[in-house]
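Read the structure below first, then the notes.
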Amino acid sequence: MDQIIVRGNGPLNGEIPIAGAKNACLTLMPATLLTDQPLTLTNAPRLSDIRTMTELLRSLGAEVASLQDGQVLALSSHDLDNHTADYDIVRKMRASILVLGPMLARDGHAIVSLPGGCAIGARPVDLHLKALEAMGAELDLRDGYVHAKAPAGGLKGAVIDFPIVSVGATENALMAATLARGTTVIKNAAREPEIVDLAQCLRRMGAQIEGEGTSIITVEGVRSLGGATHPVVTDRIELGTYMLAPAICGGEVECLGGRIDLLAAFCEKLDAAGVSITETDRGLKVSRKNGRVRAVDVITEPFPGFPTDLQAQMMALLCTAEGTSVLEEKIFENRFMHAPELTRMGARIEVHGGHATVHGVQKLRGAPVMATDLRASVSLILAGLAAEGETIVSRVYHLDRGYEKVVRKLRGVGAQIERIKETPAHD
Ligand SMILES: CC(=O)N[C@H]1[C@@H](OP(=O)(O)OP(=O)(O)OC[C@H]2O[C@@H](n3ccc(=O)[nH]c3=O)[C@H](O)[C@@H]2O)O[C@H](CO)[C@@H](O)[C@@H]1O
Ligand SMILES: C=C(OP(=O)(O)O)C(=O)O
């Protein structure tokens with residue numbers, strides 16, 4: 001297993017290109033199951049999660065070609081020769097549940113393993129299932145799998161009123177509704193940019209959708225969808241992560257492809273903390289010129305609120321802020337596992353239930369630390385960039401799920417960071 005070694009090295013300066021969004025690409029790829037025509041995705045990120053989704057789609061009989069060094073994905077699913085998404089693949093990545101709606105809508109049946117819990121929380125899929133039931137699907141939970149059947153004649157349009165905002169359930173319902181008979185109205189829909197991106201891609205494929213980006217999405221089902229070429233939206237979480245690098249270390253970094261509208265709530269918090277953000281022709285320029293950042297309180301919420309996927313990285317910034325910050329995690333019940341690791345680096349953090357209180361310290365110190373999940377892993381790297389001495393981050397396979405070329409990108413702005421093979425322990 002690899003490790004990443006970071007040495008705190010002062011201000012960072014230069015530019016970092018931002019990739020296409022993992023969380024958008026992982027929902028766009030299953031859209032291929034809705035059509036027998038080719039779907040081409042450009043601006044795809046090169047990540048292990050994308051390879052896992054490729055493996056899953058291939059196991060169902062889809063063809064997926066990775067072109068131009070992985071930045072273009074050519075997908076096609078003429079006939080699916082298998083309608084079972086196997087536990088061995090689904091357990092690796094929760095986004096696998098997104099094949100359920102499309103397979104059911106197109107072919108009328110699907111068997112998909114339940115993804116189970118994961119490190120950051122229980123993460124049930126009941127809302128995905130209820131949405132499909134509302135469209136007439138019969139669901140049976142057996143042996144850890146959802147066995148799903150559409151009524152004769154296919155799924156029917158329905159009013160789906162989600163009790164809480166769910167990104168994944170909105171995506172599954174939206175894809176299924178494109179081929180359902182009649183009109184589907186999704187109320188309390190998620191408004192994330194990844195939902196807007198999915199709706200735009202589906203529309204390019206011939207779907208009739210209105211209201212994406214608002215809480216009510218209306219879909220008029222069509223008989224079939226065609227092929228399309230679609231560019232994956234910028235990864236707002238990778239963007240926010242790299243915006244935090246100069247905020248933590250000082251200096252000035254331009255994040256190429258960045259847009260404030262993807263991250264308005266996050267940008268407001270950075271501004272309040274004393275970080276300057278300027279829109280340029282090429283992206284966002286971020287700098288921290290005057291001394292330490294100030295403490296700010298953060299509550300994670302569905303879009304347009306502060307993203308849960310940036311909470312760990314924001315905590316890394318606040319560890320060295322002047323004053324005390326409170327972070328409240330409202331999406332996932334166990335998403336503070338980075339806190340004890342940051343504490344190993346000298347941070348002063350108290351966690352009580354869904355709240356973490358961070359008392360800013362002057363300086364962090366390098367230490368061996370362990371990545372516990374995707375965003376936790378990058379928060380430790382960010383903290384290491386600002387720490388005195390050497391930080392060794394283990395279990396970086398978490399990082400590979402969501403960050404491409406992290407060492408190259410950070411070295412490009414002057415960071416001292418390298419990836420090494422872990423030395424095996426001796427008896
Ligand atoms: C609203 C939100 O911020 N969603 C995040 C969530 O999307 P993801 O789609 O994974 O999760 P959801 O948006 O579905 O979850 C939101 C909340 O609803 C609950 N829930 C969800 C589905 C369900 O069937 N039943 C249920 O109770 C979840 O446990 C959670 O507390 O994780 C992704 C990866 O970290 C993030 O990119 C998304 O921004
Ligand atoms: C937790 C994440 O992904 P997933 O939903 O695939 O676990 C994430 O993107 O931060």
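As the structure lists them, so they are numbered: ligands from 1, and atoms in each ligand from 1.
From the protein, the heavy atom lying nearest to atom 24 (O) of ligand 1 is Leu127 N, 2.7 Å. In terms of protein heavy-atom proximity, atom 14 (O) of ligand 1 is nearest to Ser166 OG, 2.6 Å. Ranking protein heavy atoms by distance to atom 37 (O) of ligand 1, first place goes to Asp309 OD2, 2.6 Å. The protein heavy-atom contact nearest to atom 32 (O) of ligand 1 is Phe332 CZ, 3.4 Å. Of all protein heavy atoms, the one lying nearest to atom 25 (N) of ligand 1 is Asp126 OD1, 2.7 Å.
Within 4.0 Å of ligand 2, protein heavy atoms come from Lys22, Asn23, Ile120, Arg123, Asp309, Arg335, Leu374, Arg375, Arg401.
A heavy-atom separation below 4.0 Å is found between Arg123 and ligand 1. Judged by the shortest distance from any of its heavy atoms, Gly121 lies outside the 4.0 Å radius around the atoms of ligand 1.
When only interatomic distances are considered, the shortest N/O to N/O separation between Glu301 and ligand 1 does not fall below 3.5 Å. Annotation: Pro124 places an N or O atom under 3.5 Å from an N or O atom of ligand 1; distance criterion only. Residue contacts with ligand 1: Ile331 is placed with a nitrogen or oxygen under 3.5 Å of a nitrogen or oxygen of the ligand (distance criterion only).
Annotation for ligand 1: atoms under 4.0 Å from non-hydrogen atoms of Ile164 are 18 (O), 19 (C), 27 (O). Near Val165, meaning under 4.0 Å from any of its heavy atoms, are these atoms of ligand 1: 16 (C). Within the listing of ligand 1, atoms 24 (O) sit less than 4.0 angstrom from a heavy atom of His128. Atoms of ligand 1 found under 4.0 Å from any heavy atom of Gly168, numbered from 1 in the order shown, are 9 (O), 14 (O). Residue-ligand proximity, Arg335 to ligand 1, at heavy-atom distances under 4.0 Å covers atoms 35 (O). Atom numbering of ligand 1 starts at 1 in the shown order; those under 4.0 Å from a heavy atom of Thr308 are 3 (O).
Judged purely by atom type and a 3.5 angstrom limit, Asn334 uses its side chain to pair as donor or acceptor with the backbone of Ala119. Side-chain N or O atoms of Glu341 include one that pairs as donor or acceptor with a backbone N or O of Met370 at under 3.5 Å. For Arg106 (side chain) and Leu33 (main-chain N/O), a donor-acceptor pair under 3.5 Å exists by modelled atom type. Asn172 places a side-chain N or O within donor-acceptor distance of the main-chain N or O of Gly101, the cut-off being under 3.5 Å. Checked by atom type and distance alone, the side chain of Arg94 pairs as donor or acceptor with a backbone atom of Arg123 at under 3.5 Å. Between the Arg288 side chain and the Ser276 main chain, no donor and acceptor come within less than 3.5 Å of each other.
Results of the salt bridge (charged side-chain N to carboxylate O under 4.0 Å, His left out) test with Asp309 over Arg236, Arg401, Arg335, Lys22 single out Arg335 as the only residue that passes.
Using a 3.5 Å distance cut-off with no hydrogens or angles, the side chains of Gln313 and Ser379 do not pair a donor with an acceptor. Judged purely by distance below 3.5 Å, without hydrogens or angles, the side chains of Thr218 and Glu210 never pair a donor atom with an acceptor atom. Between the side chains of His359 and Glu350, a donor-acceptor pair is found at a separation under 3.5 Å. In the model, Thr183 has a side-chain atom that pairs as donor or acceptor with a side-chain atom of Glu220 under 3.5 Å. In this structure, a donor-acceptor pair under 3.5 Å is absent between the side chains of His128 and Glu171.
More than 12 heavy atoms of other residues, nucleotides or ligands lie within 6.0 Å of NZ in Lys405, so this atom counts as buried by the packing criterion.
Counting heavy atoms closer than 4.0 Å to ligand 1, residue Val167 contributes atoms from both its backbone and its side chain. Here Glu194 has no heavy atoms under 4.0 Å from ligand 1, in either its backbone or its side chain.
Using cut-offs of 30° and 60° for the angle between ring planes, the Phe266 and Phe306 rings count as tilted.
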*Let me see the working for Lys409 and Glu238 under salt bridge (Lys or Arg N to Asp or Glu O under 4.0 Å), right down to the final yes or no.*
CA-CA 11 Å; Lys409 288 186 182 186; Glu238 192 198 26; 2.7 Å; yes
